[in-house]
Every structure is written in structure tokens, then in C-alpha cells.
Amino acid sequence: MNEAFSHPVAGQVPVLRLGDVLLVTLQGDLHDSMAHRLQQDISETIVRSGVTGVVIDISGVEMVDSFLGRVLAEIAAQSALLAARTVVAGMRPAVAITLVELGLTLPGLRTALTTEAALESLARPVAGPRSGGGRGESP
Amino acid sequence: MPQHETGGAPGTPAHEVRDFLRRRSEEIAQRWADEPLFRTVFTVSREEAVEAGRAVVDALARVADSQRVEDPDAAGFTAVREQLARMGAARSRAGLSTTQVASELAALRPPVDKLLVADLERERPESLRECSTALTVLMGTLRLVAMQTALSEIQALTDRQRLQLLEVATPVIKLWDGIVAVPLIGTLDSARSQVVMETLLNAVVDQHARFAILDITGVPTVDSLVAQHLMKTVAAVRLMGAECVVSGIRPAIAQTIVHLGLDLGTVRTRAGLADALAHCLDELGANIVAAAPGGADRK
């Protein structure tokens, strides 16, 4: 906490805007204050710039706990309220296993293997309730 | 045990037995060589059988010397443990059950007992009886040691095979660019499903797979536990950003799943591996069948 106050920039997760998409890259531990700040930043940016998608890259996260799982779910939920789709990209195998063992399967969350795939999936038209053959629909 | 109560005096039954064993070791070994256990294991020459018998008699004498006739962990047995294991293994290979091997071991006692009675004829009846009891206990312990050794061999074999099964049974196959499959064979328990999950997730990362197919054609039964393991794997694959298809659901298994009331609603399922592959290719936009644009049959 003290560190976060003395180095305010270090405690902040950058939120980058790429056209219609927000790109957030999580690295290392996510503290309470950082998570709170991040949620605030994302929702404010969505409202201000009217983006339609949020990509959260967690390929730099090696350890995961239920807190991070909840933060991801909350970001997705609040973005959905603001009409933006959230995609979590680059989850490591160990992280996926831990989340499943914790019982956090994050059902409402969209996922992608890499940031690139996430951007691609956001570029596609909304597939509605994802079922059947909604995914690879090429024009 | 009476031999403990009488202490370490030279006249204890255990020491009497020790002296007797040392005195008569040659004759005992000769008689044992005619018993089925020794005769069938050491087929090369009778000399070999006699030699092996002598080693066992020596070990018994050492155990009797240490006054621990009822203790299978007695130091004297360590020398013959390997030999006993080899003999037991040879008999098992010949098709004998563990019980039969045990009774063959039991058959080693009467000839020794006869010799003992003949030797101590002139002693008092009580001391003869005590010596005979000590000998019986000693032979019983020998049988226990042999069985113990055989069982631990079997245990080691089972452990080794279980490990091998874990390694062998979970290959991840790349079916297409971006499609990997795991053919599951045999019963899915927690340990195996953990290995499957890890190998599959690593393959998804390595191959940049967008689809993972879990084929359960080789899984004999699906109960709620197996279904739970499947759901976990599917959820983990989904978290990674790939999509999981479960295929190879036989009619009987489909019925079982419905009867058990298992909810696989969130899992995409297909009847066979071919159907699953077709579905994945379809979703990837890589149709094999020549068709008019957008004319591929969707389910």
C-alpha cells in the first residue's frame, strides 16, 4: 500500500485504447487498490470514448487466486452494462487449472488464446447467445 | 514365547534348534532338494538345489541364534530374501497361485521335524515338545517372509505399471491447424484426468489450438465423477480461449448420462470423432466438402 502511494504510476495498470477496443495488460500481482483503480479506469474510458470491446491480457499472470477471478468477472459485468464485450486473453495452463479447481469457471466471460485472437473475435459481428455454429462465420 | 522367558541360556529351545540346524544342515538340504519347491525351481542340477537349501538352513540357524524365531524382520532372513523371492516368482510363473506356493513352503517343515524328533529322542518329552514348537514357529516365519517378499514384488510391479499407464495413455494429437484431440482410453480417475488436463492445456498453448476434442470412445463407463472431470477439463480449455468438444459418446453412455441426470448442457458434444472434427473444421471455415458458399450444412 505504501509503495502504491509513493509511486502512484507503478501501482496503476495502463489502459490503452486501440480504435474501438481497450487493451489492458495485467502483469504480476494485482493488489486491492490497483484492482479498484483499474475497474474505475476501464468504466470511465468506456463511457468517455464509447469503445465496444475490452481485451484483458493476462499472459503475464503466473499466480491466480479467487480475488483475481472475481475482479475479471466484475470487469466483464460492468463492461457488459456499458455495452462493451470483454475478452480475457492468454491465460496460462496452470492459471486455468487453478481457477477450475477453485470452482471459478467464469461462465459469462469470453476468452481467447492470444491478444490477436481476442481482437479478431471482437472484430466479428456479435454472435448473439453463443450456441451452435456462431463462431467461424465468415462473410 | 517360551524361548524368551527362559532367557539366553544355551539350553533354550531356540538354541537347541540352532544347534540341531547347524548339525544337520547337510541332511536337511538334501531332503529339501527332493521337495517340489526346490526340485522344480532349480532344474539345472540337484547340487544347485542342495546349495540353495543349505543357504536357507543357514539363515534359519542365524535367526534361531538371535532368539527371534517369530520375527519376520530378523536380520538372519535378509540373506535369503532375494532367493526366496526368486523361488516364489518362478513358482508363480509356473502357474501356481499364492496359496499353492504357501502350501509348498509348508511342506518343507515335516522332513525337518522328523529329523528333529529322531535327534532328540533321548531328551525329556517337554524339551522335545518345546524344541518342536520353536521349529514350527521358525518355519512359519520363513513362510511369512517368503510371502512378504513376493507381495512386495507384486506391489512394486503394480506401481510401475500404474506410472507407465499415466504416461502412455494421454497422447495429444494434432488433427488440423488449430485442432487438437485427446483420445481417452480406460477409466478416468482424478490422477489421470489431472494429467489429461495438463497435457491438453499445454498442447493448446503450443499448437495455438482453437479447438480441443476430448474423445471418450475408450472410456467404458461415465459416472458423475467422470462427468465432473470432463466438465473441469472443458472449463479449463474454455478459460484458455479455446473451445472444447466432447466426442465418442456411445448410445449406452448417452443413456447413462441422461439417467443419472448429469447436466452437460454447457459442453458441446458430438457422437463420433469424425463429427467433432467436421464441426471444428466447419467453425474454422475450413470445409473439406465442396459446397456452394455458405451452403455447408450447419447443425
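Computed from a predicted model, the values in this text were never measured in an experiment.
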- request: Might you point out which heavy atoms bring A/Thr105 and B/Leu239 nearest each other, and give the distance in Å?
  value: O-CD2, 3.8 Å
field: Shortest non-hydrogen contact between A/Ala96 and B/Ala236, atoms and distance
entry: CB-O, 3.7 Å
query: Is a side-chain N or O of B/Arg238 found less than 3.5 angstrom from the main chain of A/Leu109, in a donor-acceptor match?
result: yes
message: Please classify the contact between A/Leu104 and chain B as side chain, backbone, both or neither, with a heavy-atom cut-off of under 4.5 Å.
response: backbone
From [X] atom [atom1] to [Y] atom [atom2], the distance as rounded to the nearest 0.5 Å:
X: B/His208; Y: A/Glu116; atom1: NE2; atom2: CD; result: 9.5 Å
X: B/Leu201; Y: A/Ile97; atom1: CG; atom2: CD1; result: 5.0 Å
X: A/Thr111; Y: B/Glu243; atom1: OG1; atom2: CD; result: 9.0 Å

- line: Of the listed A/Ala89, A/Gly90, A/Pro93, the one with the largest count of heavy-atom pairs under 4.5 Å with chain B is A/Pro93
- line: Contacts of B/Ala271 meeting side-chain contact (heavy atoms from CB on, under 4.5 Å) (sequence neighbours excluded), chain-then-number -> B/Asp275
Pairs where residues 193-203 of chain B contributes a residue and the test salt bridge (charged side-chain N to carboxylate O under 4.0 Å, His left out) is met, not counting sequence neighbours: none
task: Would you mind reporting whether A/Arg92 and B/Met240 have side-chain heavy atoms less than 4.5 Å apart?
output: no
query: Where does B/Val234 contact chain A at under 4.5 Å (heavy atoms): side chain, backbone, both or neither?
result: neither
query: Given a strict heavy-atom distance threshold of 4.5 Å, which part of B/Ala286 is in contact with chain A: side chain, backbone, both, or neither?
result: neither
